[in-house]
Number of protein chains: 2
Amino acid sequence: MPCAAMRVMPKTAAPLYEQIRQLIVAALAAGEWRPGDALPSEAALAQRFGASPGTVRRALDELTAEHLVERRQGSGTFVSTHSAPRQQFRFLRLVADDEARGFTRELLGCRRMRAVAAVARALGIRTSEPVIEVRRMLHRRGRPVVLEEMWLPERHFEGLSAEVITAHAGTLYALFESRFGVHMVRAEEKLRAVAATPDAAALLQVAPGEPLLSVERLAFTYGDRPVELRRGLYYTNSDHYRNELN
Amino acid sequence: MPCAAMRVMPKTAAPLYEQIRQLIVAALAAGEWRPGDALPSEAALAQRFGASPGTVRRALDELTAEHLVERRQGSGTFVSTHSAPRQQFRFLRLVADDEARGFTRELLGCRRMRAVAAVARALGIRTSEPVIEVRRMLHRRGRPVVLEEMWLPERHFEGLSAEVITAHAGTLYALFESRFGVHMVRAEEKLRAVAATPDAAALLQVAPGEPLLSVERLAFTYGDRPVELRRGLYYTNSDHYRNELN
DNA sequence: CAGTGGTCTAGACCACCAT
DNA sequence: TGGTGGTCTAGACCACTGC
């Protein structure tokens with residue numbers, strides 16, 4: 001009985017809507033519903049968790065704000081997916097000065113290696129644990145604008161290879177989600193201005209020493225577990241990184 | 001009677017909680033409650049707007065998410081103020097690599113001038129309308145790390161001068177709020193990597209051509225009216241711009 | 001037309017704050 | 001102790017979707 005339970009709850013306990021939110025996140029992490037799937041209706045969830053519809057609604061509202069689920073009136077509540085067109089550029093803030101957002105992708109390499117200390121620390125794994133390194137470039141109007149490399153713990157991305165990436169048409173995050181069940185929820189980025197190294201300069205077709213925007217990203221999946229470290233170099237001559245401060 | 005009104009409302013009308021939210025924003029813009037003031041209680045607002053407490057609560061929840069108001073249990077709902085310690089670094093994302101956030105301020109200049117085309121366009125004013133230009137630097141541990149200049153429409157900042165700025169102890173946004181009644185609500189930033197010009201290099205004590213993070217900010221007050229254009233150059237050798245992607 | 005989420009109301013009870 | 005916001009419930013009605 002929810003009412004009786006409430007009266008007994010110690011004050012350290014989180015509110016019921018927050019507990020329900022966490023239970024739903026756990027179910028998402030466990031794969032009970034996959035990206036794109038519909039969740040049970042509010043009424044069904046209310047029954048399942050022994051709470052009133054209003055309380056479940058509040059939990060779902062929070063999950064909507066975090067972009068974990070999407071609600072469509074008349075249709076249902078769905079698990080967010082990076083395959084959706086709206087999610088296309090959710091994590092890529094580089095925009096052309098004329099507002100264009102499209103890129104073409106070029107894979108430079110994909111190899112298995114052992115995590116160096118900095119990568120292991122960021123990903124919360126042991127040093128020398130196997131990771132997969134992916135390097136690629138993004139082009140806009142035929143010109144390279146982004147050079148990036150990323151490291152992924154092999155235990156979450158077993159079988160990731162150049163062939164798998166090349167065969168896939170959408171974004172990397174859509175691939176990670178459909179092929180490996182790893183859905184990216186949020187990310188933290190650190191930005192700096194750096195000088196292009198000779199190698200980077202050659203690939204990006206700029207002069208060595210040219211200022212580039214360095215973007216280091218740590219991405220998290222359900223339950224705030226870090227699963228990707230990425231380092232990008234953005235050529236910001238006719239593009240800029242857009243941010244919104246609230 | 002709210003119920004009767006609802007039934008007649010055309011489908012183009014916003015929901016009641018959104019209308020109430022807008023009415024509260026309008027009252028804030030009109031200065032009915034100043035930053036730091038308490039708003040009337042939920043019950044009082046419900047009476048004033050002829051809605052149920054739950055609907056008013058929803059409007060206040062949205063305003064809380066936008067950081068327009070702050071709610072304190074047992075105490076009341078208060079207008080957000082940049083004087084609050086928590087707001088100190090809300091718009092300044094430059095963090096030392098060791099997490100330090102404090103700066104000391106050095107005013108370089110403050111003068112009245114006519115808006116050039118780019119400034120006027122961003123601020124939504126006529127070209128050659130009077131604006132106030134402020135230039136300053138921020139230091140961390142005695143080293144200059146930020147060089148910035150900003151332009152403010154004079155009609156909103158009448159009387160702003162070097163003396164006024166120097167006499168004030170807190171952040172510029174706290175000054176703008178207390179002295180001119182202009183409260184900054186949100187901002188849009190465009191980031192790029194650029195090479196230090198000789199002038200900027202001399203001020204920031206770096207070599208000419210050194211990569212710097214260029215941050216162009218347009219800040220808005222209540223009702224999404226732009227009231228400040230700012231351009232900063234950040235030296236990101238031992239600092240980085242931190243961002244969170246959701 | 002049945003089922004879903006979206007809005008709005010009404011009221012109970014709790015936790016917290018100021019006095 | 002009185003007033004404030006925080007949580008939770010219950011139910012009515014509307015708007016939208018998809019069959």
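These numbers come from a predicted model, not from an experiment.
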Distance test, side-chain N/O of A:Y17 to OP1/OP2 of D:dC8, below 4.0 Å: no
Atom pairs, N/O to N/O, protein against nucleotides 17-19 of chain D, distance under 3.5 Å?
none

task: May I ask you to check whether A:Y173 and A:Q87 show a side-chain donor-acceptor distance below 3.5 Å?
output: no
- line: Hits for salt bridge (charged side-chain N to carboxylate O under 4.0 Å, His left out) against B:E70, two or more places apart or cross-chain, chain-then-number order -> B:R72
message: Both B:T77 and A:G54 contact DNA chain D. Taking the nearest nucleotide for each, which residue is further toward the 5' end?
response: B:T77
field: With A:F103 via ring-ring contact (aromatic ring centres under 6.0 Å, His included) - residues at least two apart
entry: none
- request: Please determine if A:E66 and A:R186 form a salt bridge, counting it only when a charged side-chain N lies under 4.0 Å from a carboxylate O.
  value: no
task: Check each residue of residues 31-42 of chain B for a non-hydrogen atom within less than 4.0 Å of any atom in DNA chain C, then write out the ones that pass by number, or none.
output: none
task: Name every residue in residues 56-71 of chain A that has at least one heavy atom under 4.0 Å from any atom of DNA chain D, in order of residue number, or write none if there are no such residues.
output: A:R58
Test side-chain contact (heavy atoms from CB on, under 4.5 Å) applied to A:E18 - qualifying residues, sequence neighbours left out: A:A14, A:P15, A:R21, A:Q22
field: Qualifying residues under side-chain hydrogen bond (donor to acceptor under 3.5 Å, both in side chains), relative to A:R141, sequence neighbours excluded
entry: A:D98
message: Which residues pass the side-chain contact (heavy atoms from CB on, under 4.5 Å) test with B:T81, not counting sequence neighbours?
response: B:P35, B:S83, B:A84, B:E177
statement: side-chain contact (heavy atoms from CB on, under 4.5 Å) filter on B:E163, not counting sequence neighbours, yields B:S161
- request: Whole angstrom is fine here: how far is it from CZ in B:F78 over to P in C:dC17?
  value: 11 Å
query: Between B:E18 (CD) and C:dG6 (P), how many Å, whole number?
result: 15 Å
- prompt: Which salt bridge (Lys or Arg N to Asp or Glu O under 4.0 Å) pairs, counting each pair once, include a residue from residues 81-95 of chain B, with sequence neighbours left out?
  reply: none
message: Going by the rule side-chain contact (heavy atoms from CB on, under 4.5 Å), which residues pair with B:E99 if we only count those two or more places apart in sequence or in a different chain?
response: B:R242
Residues which pass salt bridge (charged side-chain N to carboxylate O under 4.0 Å, His left out) with A:E189, listed by chain and number, not counting sequence neighbours: A:R217
- prompt: What is the distance from CG of A:L45 to P of C:dG5, rounded to the nearest Å?
  reply: 8 Å
